[in-house]
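This is a predicted model, so every value here is computed, not measured.
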Amino acid sequence: MADHYYNAEDLGKFGNIGEYQKDMADKFFSYYGEVFKDGALTAKEKSLIALAVAHAVQCPYCIDAYSSDAYEKGFSEAQMMEAVHVASAIKGGAVLVHGVQMMNKVKKISM
């Protein structure tokens with residue numbers, strides 16, 4: 001038994017998700033592969049976006065995978081950290097803007 005919830009070794013088992021639902025896993029991995037190919041954005045650019053999103057959704061597996069991928073694709077530590085700060089600013093702003101919903105509710109119930 002692991003001593004924590006996330007196990008780095010589980011990232012290597014990601015391909016095994018098809019064990020219980022092969023058709024759906026095959027469709028997901030096909031889609032996933034297409035998404036990360038060069039298109040309007042390069043695969044390199046998509047890697048940096050994925051790294052930022054991984055931090056925003058707080059997925060340790062994705063953070064591990066895209067930290068390695070972005071570094072291997074040539075991004076510097078500074079560029080990678082800046083992407084993390086962009087994700088942080090967007091996520092923080094999203095939390096704060098939802099404060100308007102709280103303010104609207106409080107104003108409505110306090111009338």
Side-chain angles (χ1 to χ4, degrees):
M1 186 69 146
D3 61 350
H4 52 84
Y5 187 75
Y6 292 107
N7 299 301
E9 300 82 28
D10 286 345
L11 180 57
K13 300 174 188 172
F14 186 34
N16 298 347
I17 64 164
E19 252 181 67
Y20 295 163
Q21 185 45 272
K22 184 174 176 359
D23 291 343
M24 296 299 263
D26 289 348
K27 289 174 185 175
F28 170 77
F29 285 119
S30 177
Y31 169 75
Y32 191 89
E34 286 297 315
V35 165
F36 282 94
K37 287 181 179 177
D38 283 332
L41 297 169
T42 66
K44 181 179 178 179
E45 292 166 329
K46 291 176 182 184
S47 180
L48 191 62
I49 292 168
L51 178 65
V53 171
H55 282 80
V57 300
Q58 298 174 320
C59 174
Y61 302 113
C62 302
I63 292 168
D64 282 359
Y66 286 100
S67 293
S68 296
D69 192 62
Y71 188 80
E72 289 167 5
K73 283 186 167 65
F75 286 105
S76 70
E77 293 93 337
Q79 290 171 313
M80 293 165 63
M81 185 55 77
E82 192 165 328
V84 171
H85 278 281
V86 170
S88 175
I90 295 299
K91 190 160 185 175
V95 169
L96 290 172
V97 76
H98 279 83
V100 174
Q101 182 177 352
M102 176 272 300
M103 292 166 60
N104 291 339
K105 180 67 176 182
V106 170
K107 286 176 183 175
K108 185 176 178 180
I109 62 176
S110 67
M111 295 180 143

Just how far is it from atom [atom1] of [X] to atom [atom2] of [Y], taken to the nearest 0.5 Å?
| X | Y | atom1 | atom2 | value |
| --- | --- | --- | --- | --- |
| N104 | I109 | CG | CD1 | 11.5 Å |
| M103 | K108 | CE | NZ | 16.0 Å |
| D69 | D64 | CG | CG | 12.5 Å |
| I90 | H85 | CD1 | NE2 | 14.0 Å |

Shortest non-hydrogen contact between [X] and [Y], atoms and distance:
| X | Y | answer |
| --- | --- | --- |
| S67 | M80 | O-CE, 3.3 Å |
| E34 | K37 | OE2-NZ, 2.7 Å |
| A87 | A52 | CB-O, 3.2 Å |
| A94 | V97 | O-CG1, 3.3 Å |
| A25 | G18 | CB-CA, 3.4 Å |
| K44 | K73 | CE-O, 3.2 Å |

Linking I/L/V/M/F/W/Y whenever their side-chain heavy atoms sit closer than 4.5 Å, directly or via other members, would [X] and [Y] fall into one cluster?
| X | Y | value |
| --- | --- | --- |
| I63 | V84 | no |
| V57 | I49 | yes |
| Y31 | F29 | yes |
| L11 | Y6 | yes |
| F28 | F36 | yes |

With a 6.0 Å cut-off (strictly less than), is the heavy-atom count around [atom1] of [X], excluding the residue itself, greater than 12?
| X | atom1 | result |
| --- | --- | --- |
| Y61 | OH | yes |
| L41 | CG | yes |
| K27 | NZ | no |
| E82 | CD | no |

>> Tell me whether S47 contacts the main-chain N or O of A43 through its side chain, where contact means a donor paired with an acceptor under 3.5 Å.
In response: no
> Between Q101 (side chain) and H98 (backbone), is there a donor-acceptor pair under 3.5 Å?
Replying inline: no
> For the residue pair Y66 and F75, is the inter-centroid distance of their aromatic rings smaller than 6.0 Å?
Replying inline: no
